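Can you read through this structure? Questions will come right after.
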Amino acid sequence: MNVKITLPDGSVKEFQEGVKGIEIAQSISEGLARNALAIEVNGEIWDLSRPIAKDSSIKIFTWNDKGGKYAFWHSSAHLLAEALEILYPGVKFGIGPPIENGFYYDVDLGGKTFGDDDLAAVEKKMIELARLNNAFVRSDVPKKDAIDYFKKKGDEYKLELIEGLQDGSITFYQQGNFVDLCRGPHIPTTGPIKAVKLLNVAGAYWRGDEKNKMLTRIYGITFPKQKELEEYMYIVEEAKKRDHRKLGKELELFAFSEKVGMGLPLWLPKGTIVRERLEQFMRKAQVKAGYDPVVTPHIGSKQLYVTSGHYEKYGKDSFQPIHTPDENEEFLLKPMNCPHHCEIYKVKPRSYKDLPIRYAEFGTVYRYEQSGELHGLTRVRGFTQDDAHIFCRPDQVKAEFIAVIDLVLHVFKSLGFGNYTAQVSLRDPENKQKYIGGDELWDKAEREIQEAADERGLKTVAVKGEAAFYGPKLDFMVRDALGRSWQLGTIQVDYQLPQRFELEYVGADNQRHIPVMIHRAPFGSLERFVAVLIEHCAGNFPLWLAPEQFAVLPISEKFNAYAKSVVAKLKEIDIRGFLDDRDEKIGRKIRDAEIKKVPFMLIVGEKEVAENKVSVRKHGEGDKGSLDLMDFVNQFKADFSLPV
RNA sequence: GCUGUUGUAGCUCAGGGGUAGAGCACUUCCUUGGUAAGGAAGAGGUCGAGGGUUCAAUUCCCUUCAACAGCUCCA
């Protein structure tokens with residue numbers, strides 16, 4: 001019997017039944033066979049040594065394919081486990097999957113500590129084992145035998161995993177003396193794993209549950225060539241240079257103080273300029289989009305949050321109430337702005353003709369985040385949202401939602417964020433008690449969000465369990481320099497709070513109706529947005545945001561007076577900058593301005609004074625020749641001001 | 001919050017049971033220099049905080065605070 005194998009280019013080849021991936025690769029070319037790591041068979045990734053019994057479409061995976069890398073790293077995880085079992089007899093294993101960059105294995109070392117120093121020894125053992133070029137051998141195992149094996153071995157984690165599996169679907173993989181419960185696939189042998197780097201050790205809860213035991217998670221990455229490992233480590237180092245915490249310190253944008261308290265950022269003068277420019281940009285965009293700015297206090301009575309439901313949900317895990325001399329009085333630091341905005345809505349009766357009403361506020365909120373969560377400016381305990389709440393009629397929801405999507409996309413476009421992902425954050429249907437409100441309204445809100453996103457042609461990923469407790473969200477996620485994903489913009493449809501706050505409007509039918517509320521924050525928070533922006537542009541802000549747009553550098557003291565007049569003229573037309581009149585050589589002044597990432601250096605000496613010009617040098621680009629000051633300004637005028 | 005690592009000058013870091021060191025930054029002086037570091041001198045530290053061991057602790061031990069990595073969480 002022959003089987004028909006369809007290749008990715010659409011061509012069909014016939015092989016004998018039971019043909020293996022590696023044989024197909026060999027039939028195509030020697031080179032492919034040499035580089036092949038795994039095979040995709042009808043959408044499933046298989047080992048190259050697994051026989052193919054029926055007509056199939058296949059694709060051979062090499063290192064250049066994601067599937068190939070995953071098989072490679074998955075196999076590397078097993079190699080790590082094999083090394084650990086030799087070096088730490090009695091070690092128990094949790095799970096060891098491939099991840100985006102490398103792999104990890106969760107292990108229970110039975111109370112032994114394992115630090116960064118121990119990584120090198122394990123690495124060495126892994127390389128030693130890889131050189132043995134042992135095959136990864138797959139075998140089908142009846143559930144009973146699988147249980148017996150791990151019972152005998154005494155690995156309760158694997159036993160727990162097996163219990164959740166169907167009999168008949170259990171496979172083992174073995175390389176050398178190491179046997180693991182595993183679905184596969186794996187690369188043919190350990191040989192191709194040439195370069196090994198164990199990156200770090202961290203704790204991780206068994207099965208991701210805080211109530212379970214914490215295992216030791218060892219992260220690593222491997223490559224088929226030493227050179228590729230070196231390149232990877234170089235890229236990681238480069239990414240670290242973009243870290244907003246590092247740049248924030250170097251460029252004097254923000255700081256933290258132990259005395260003020262953890263997670264409470266202090267905005268330094270330069271950071272404040274960036275932040276305020278972003279605010280100006282957003283204010284302008286919001287005026288255009290029909291928002292009304294409002295201002296509300298930083299605290300609110302406890303009753304406000306009992307009404308909103310926040311107190312019940314977060315009260316005990318939050319900053320605790322503020323007390324006053326009046327025994328019965330309690331205030332909370334505001335964790336969000338919506339309740340205040342609801343009360344603004346309520347100051348007078350509303351007609352259907354008034355809607356939509358859009359209240360916008362740069363509202364500073366305080367949330368008691370777990371100490372281990374705090375991270376630079378991306379996760380803080382006091383931050384300012386570019387918040388707004390739209391109160392509208394049910395028939396206006398979609399149009400309003402779409403208008404907000406457009407605003408978010410305008411922001412991303414203006415700041416050059418090209419690679420964001422749009423995530424529809426839905427409720428976890430298994431865990432409904434986490435949320436307030438009935439099924440009908442939730443379903444409606446979830447549907448409306450998806451429809452609005454589709455209408456704007458957004459590619460979305462739906463994720464269950466990520467909704468806010470009062471409603472589903474459309475979240476815009478952007479990655480930081482180290483590949484960690486952060487939520488920036490967010491848009492949420494909410495049918496719950498208007499009910500809780502008894503918001504109303506009088507309809508055309510002269511009846512009372514409940515409005516729908518849309519929460520939205522295109523930046524998310526100024527703190528997180530600035531953090532991601534810093535990493536995005538590596539501290540080289542667009543000209544309109546740069547804290548210092550120019551530096552005037554006189555060649556010597558003799559030209560300080562002229563330099564001062566240049567600074568004064570630019571400041572007069574709201575261009576920001578400073579004079580470097582230190583007693584240093586021009587080379588030094590240029591170097592320092594370059595390090596500070598000042599976009600323009602205006603160098604003035606004898607020649608410039610005589611011709612009434614400035615010599616323009618652009619950050620990272622070098623000398624641009626000399627120009628009349630006003631010609632310089634006009635040339636870059638559009639870049640100095642807020643984007644439209 | 002949990003596990004692990006770290007904490008020495010403004011910054012980046014070295015050191016180590018006998019009360020500290022480098023480079024950069026800073027101050028002063030010399031130098032007036034044309035597109036990424038001119039020279040010299042000086043000043044600067046309860047070695048994160050609290051306790052313990054010791055004749056003696058910044059160094060060893062404990063506790064605590066903070067930062068970092070990951071987990072968990074995220075209105």
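Note: hydrogens, waters and symmetry copies are ignored here, and every other heavy atom, side chains too, is used. All chains are named by letter (A, B, ...) in the order of the sequence lines, taking the proteins before the strands, and each is independently numbered beginning at 1. Everything numeric in this text was worked out from a predicted model, so none of it was measured.
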Discussion item. Does B:A67 have OP1 or OP2 under 4.0 Å away from a side-chain N or O of A:R379?
Written reply: no
Requested in this report: Classify the nucleic acid contact of A:Y219 as base, sugar-phosphate or nothing, counting any heavy atom under 4.0 Å across all strands shown.
Outcome: sugar-phosphate
For B:G50, the nucleotide meeting Watson-Crick or G-U wobble distances (both under 3.5 Å) is B:C62
In Watson-Crick or G-U wobble terms, with both distances under 3.5 Å, the base opposite B:U5 is B:A67
Exercise for review: Check whether the side chain of A:D583 and the base of B:U31 form a donor-acceptor pair under 3.5 Å.
Suggested key: yes
ask   = Does any N or O donor sit under 3.5 Å from an N or O acceptor when you compare the side chain of A:E373 with the base of B:C71?
value = yes
**Message:** Please classify the nucleic acid contact of A:E584 as base, sugar-phosphate, or nothing, using heavy-atom distances under 4.0 Å.
**Reply:** base
Separation of B:C11 atom C1' from A:E250 atom CD, nearest Å, is 9 Å
Applying a 4.0 Å non-hydrogen cut-off, can you work out what A:G587 is touching in the nucleic acid: base, sugar-phosphate, or nothing?
sugar-phosphate
In whole Å, measure the gap between the C1' atoms of B:G18 and B:U3 for me. 38 Å
Scanning all shown strands, the Watson-Crick or wobble mate of B:U28 with both distances under 3.5 Å is B:A40
- Message: With a cut-off of less than 4.0 Å, is there a side-chain N or O of A:H375 near OP1 or OP2 of B:A69?
- Response: yes
Between CG of A:D623 and C1' of B:A36 the distance, given in whole Å, is 13 Å
Notebook entry, point to check: Is the shortest side-chain N to carboxylate O distance from A:D209 to A:R207 below 4.0 Å?
Noted result: no
Separation of B:A75 atom C1' from A:M336 atom CE, nearest Å, is 4 Å
**Message:** Between B:A36 and A:R617, counting only base atoms on the nucleotide and side-chain atoms on the residue, is there a donor-acceptor pair under 3.5 Å?
**Reply:** yes
- Just checking, is any N or O donor in the side chain of A:T296 or A:K334 under 3.5 Å from an acceptor N or O on the other one? yes
| task | Identify whether any heavy atom of A:I603 sits under 4.0 Å from a base atom; if not, whether one sits that close to sugar-phosphate; answer base, sugar-phosphate or nothing. | result | base
> Checking all strands, does A:G208 fall into the base, sugar-phosphate, or nothing category for heavy-atom contacts under 4.0 angstrom?
Replying inline: sugar-phosphate
- Aromatic rings A:F254 and A:F256: how do their planes relate, parallel, tilted or perpendicular, breaks at 30° and 60°? perpendicular
ask   = Just checking A:K249: base, sugar-phosphate only, or nothing, at a heavy-atom cut-off of under 4.0 Å?
value = sugar-phosphate
message = Under 4.0 Å from OP1 or OP2 of B:A69: is there any side-chain N or O of A:R484 that close?
response = yes
Pairing partner of B:A20, by Watson-Crick or G-U wobble and under 3.5 Å for both distances, is none
Determine the contact category for A:M262: base if any of its heavy atoms lies under 4.0 Å from a base atom, sugar-phosphate if only primed atoms, P, OP1 or OP2 are that close, otherwise nothing. sugar-phosphate
Quiz prompt | Pairwise P distance, B:U28 and B:A43 [rounded to whole Å] | solution = 15 Å
Is a side-chain donor-acceptor pair under 3.5 Å present for A:Q433 with A:N431?
yes
Open item on the list: Please give the distance between the P atoms of B:U12 and B:A67 as a whole number of Å.
Closed with: 15 Å
Give a yes-or-no answer on whether the side chains of A:H519 and A:D494 include a donor-acceptor pair shorter than 3.5 Å.
yes
| said: Between the base of B:G70 and the side chain of A:Y205, is one N or O donor paired with an acceptor at under 3.5 angstrom? | reply: no
- Message: Once you apply a heavy-atom cut-off of 4.0 Å, does A:S615 come out as touching a base, just sugar-phosphate, or nothing?
- Response: base
Hey, can you tell me if A:H74 and A:H78 have their rings parallel, tilted or perpendicular (30° and 60° cut-offs)? perpendicular
Is_stacked (A:Y314, B:A75) at 5.5 Å, 30 deg: yes
